Amino acid sequence: MSVKRLSPTISWWQTLTMMVSFIVVAIADLVYYLATRQEHSNSLMIAQHTRYDSLTSLKNWSAFREEFDDAFAAASTSSLVVATLDIDAFKDINDHYGHLVGNRALIAVANTLSTTLKPYHFDQHLYRTGGEEFSIIFPRTSINIAEHICEDCQESIRNLELHEEAGTLRLTAAIGLTCKWGQDHDATITFQRAGHYASRANPGELTED
């Protein structure tokens with residue numbers, strides 16, 4: 001005796017319902033993906049604004065403070081060096097050429113410093129820590145090596161030429177350089193000493209321990 005198997009039949013209404021359900025699920029998945037992607041993008045933008053300078057795209061004071069504190073805690077005496085760089089006569093640049101030119105000067109210096117530091121692998125340790133002030137952290141580095149790199153930075157800045165309507169603008173920068181001393185009980189003392197050396201330096205000069 002043979003058994004006849006009956007194939008289940010699906011009505012057009014059931015087929016339509018299944019197709020609609022599939023489309024709804026696919027749309028829901030797409031909406032979820034796009035929302036998650038937007039949320040991730042927003043988080044990155046917030047992080048960018050929190051830790052990066054909007055003008056130069058360098059890491060800002062907040063990032064420097066956090067990362068220098070970490071480097072200070074991890075470093076033994078003299079194995080951590082920090083440099084503070086000030087563009088010379090920057091107020092005169094703003095007064096004579098205007099703030100837009102001053103901003104272009106800041107961007108040019110930031111790009112020049114990044115390019116100069118990159119072969120030494122210190123480009124990720126460059127920060128804009130004030131108006132015309134930049135800082136560089138040299139972890140696990142001797143002050144002699146840091147001095148050589150800073151001199152290269154100064155030379156690169158001296159070679160800059162900004163061609164403006166009011167004339168060609170040339171720049172120099174003073175640098176203060178110091179290492180972590182045994183009596184430095186926190187990173188602020190070390191950083192302030194570098195800033196003090198920079199303020200004492202003549203235009204285009206490097207002052208260090």
Side-chain angles (χ1 to χ4, degrees), residues 51-53 55-91 93 105-162 169-209:
R51 296 180 57 82
Y52 287 83
D53 174 50
L55 178 66
T56 63
S57 297
L58 296 181
K59 292 179 183 178
N60 60 18
W61 166 255
S62 177
F64 172 82
R65 181 75 273 175
E66 178 184 334
E67 294 179 17
F68 190 52
D69 281 343
D70 291 342
F72 184 90
S76 60
T77 303
S78 300
S79 68
L80 173 66
V81 179
V82 62
T84 297
L85 180 150
D86 289 327
I87 301 175
D88 295 319
F90 188 72
K91 183 179 183 301
I93 294 172
L106 289 169
I107 294 169
V109 169
N111 292 339
T112 297
L113 290 173
S114 296
T115 300
T116 304
L117 291 169
K118 192 167 187 177
Y120 299 106
H121 307 293
F122 288 111
D123 52 309
Q124 294 302 309
H125 299 284
L126 173 64
Y127 311 79
R128 184 187 176 198
T129 46
E132 69 271 25
E133 178 186 277
F134 299 83
S135 297
I136 310 166
I137 300 174
F138 296 96
R140 300 176 299 280
T141 306
S142 71
I143 198 162
N144 291 334
I145 292 175
E147 178 186 5
H148 170 71
I149 297 171
C150 286
E151 287 173 346
D152 281 355
C153 289
Q154 286 181 310
E155 182 66 20
S156 297
I157 292 171
R158 279 193 292 268
N159 290 333
L160 270 177
E161 290 186 358
L162 300 181
L169 178 62
R170 295 181 178 275
L171 303 170
T172 59
I175 294 181
L177 190 66
T178 189
C179 63
K180 178 182 178 181
W181 290 0
Q183 62 266 38
D184 292 350
H185 57 78
D186 63 37
T188 299
I189 292 175
T190 310
F191 176 69
Q192 287 178 339
R193 186 166 59 250
H196 175 65
Y197 289 164
S199 67
R200 285 172 46 195
N202 294 321
E205 185 180 65
L206 187 151
T207 303
E208 61 178 290
D209 293 338

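Nothing here was measured: the structure is a model prediction, and the numbers come from that model. Heads up: numbering here begins at 1 and tracks the sequence.
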Engineer: As an exercise, state the distance from CG of Leu80 to CD1 of Ile137, rounded to the nearest 0.5 Å.
Structural biologist: 7.0 Å

Engineer: Go through the side-chain N and O atoms of Arg200 and Thr207 and say whether any donor and acceptor fall under 3.5 Å apart.
Structural biologist: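 There is no such pair between these side chains.
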
Engineer: With a 4.5 Å heavy-atom cut-off, do Phe191 and Phe64 have their side chains touching?
Structural biologist: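 A side-chain contact exists here, since the closest heavy-atom pair is under 4.5 Å.
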
Engineer: Atom OG1 of Thr178 and atom OH of Tyr197: how far apart are they, to the nearest 0.5 Å?
Structural biologist: 5.0 Å

Engineer: To the nearest 0.5 Å, tell me how far Arg65 CZ sits from Asp70 CG.
Structural biologist: 10.5 Å

Engineer: Between Arg170 and Glu161, is there a salt bridge with N-O shorter than 4.0 Å?
Structural biologist: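 A salt bridge is present here (some side-chain N lies under 4.0 Å from a carboxylate O).
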
Engineer: What is the distance from atom CG of Asp184 to atom CD1 of Ile189, rounded to the nearest 0.5 Å?
Structural biologist: 5.5 Å

Engineer: To the nearest 0.5 Å, tell me how far Ile157 CD1 sits from Thr172 OG1.
Structural biologist: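 Here the interatomic distance stands at 8.5 Å.
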
Engineer: After noting the C-alpha distance and the side-chain angles of Phe134 and Cys153, does the key distance pass the side-chain contact (heavy atoms from CB on, under 4.5 Å) rule?
Structural biologist: CA-CA 11 Å; Phe134 299 83; Cys153 289; over 6 Å; no

Engineer: Check side chain to side chain contact (heavy atoms under 4.5 Å, CB included) between Glu155 and all other residues, then give those that pass, not counting sequence neighbours.
Structural biologist: Arg158, Asn159

Engineer: Name all residues meeting the side chain to side chain contact (heavy atoms under 4.5 Å, CB included) criterion together with Glu132; count only those two or more places apart in sequence or in a different chain, and write none if there are none.
Structural biologist: Ile87, Phe90, Leu106

Engineer: Search all heavy atoms of Ile175 against all heavy atoms of Ala201 and return the closest pair with its distance.
Structural biologist: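 Ile175 and Ala201 have their closest heavy atoms at O-CB, 4.3 Å.
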
Engineer: Go through it in stages, so that I can follow the logic: the residues are Leu58 and Leu113, the test is side-chain contact (heavy atoms from CB on, under 4.5 Å), and I'd like the CA-CA distance, side-chain angles, deciding distance and then a yes or no.
Structural biologist: CA-CA 10 Å; Leu58 296 181; Leu113 290 173; 5.8 Å; no

Engineer: Only one of Thr56, Val109, Asn60 passes side-chain contact (heavy atoms from CB on, under 4.5 Å) with Arg128; say which it is.
Structural biologist: Thr56

Engineer: Specify the closest pair of heavy atoms between Glu67 and Tyr127, including all atoms of both residues, with the distance to one decimal.
Structural biologist: OE1-OH, 2.5 Å

Engineer: Consider only side-chain N and O atoms of Thr116 and Asp152, and report whether a donor and an acceptor are under 3.5 Å apart.
Structural biologist: no

Engineer: Identify the heavy atoms of Thr84 and Gly195 that sit nearest to each other, and give their distance.
Structural biologist: OG1-N, 3.8 Å

Engineer: List for me each residue that meets side chain to side chain contact (heavy atoms under 4.5 Å, CB included) alongside Gln124, sequence neighbours excluded, and say none if there are none.
Structural biologist: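 If we apply the side chain to side chain contact (heavy atoms under 4.5 Å, CB included) test to Gln124, skipping adjacent residues, the hits are Lys59.
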
Engineer: Measure the spacing between CD1 of Ile149 and NE2 of His121 and express it to the nearest 0.5 Å.
Structural biologist: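 One finds 10.0 Å between CD1 of Ile149 and NE2 of His121.
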
Engineer: For the backbone of Cys179 and the side chain of Asp209, can you confirm whether one donor and one acceptor N or O come within less than 3.5 Å of each other?
Structural biologist: yes

Engineer: Check Thr141 against Ala146 and note the closest heavy-atom contact, atom names and distance.
Structural biologist: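 Minimum heavy-atom separation between Thr141 and Ala146: CG2-N, 4.1 Å.
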
Engineer: Is it the case that the side chains of Thr129 and Glu133 hold a donor-acceptor pair, with the cut-off being a distance below 3.5 Å and no angle test?
Structural biologist: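 Side-chain D/A pair, Glu133 to Thr129: present.
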
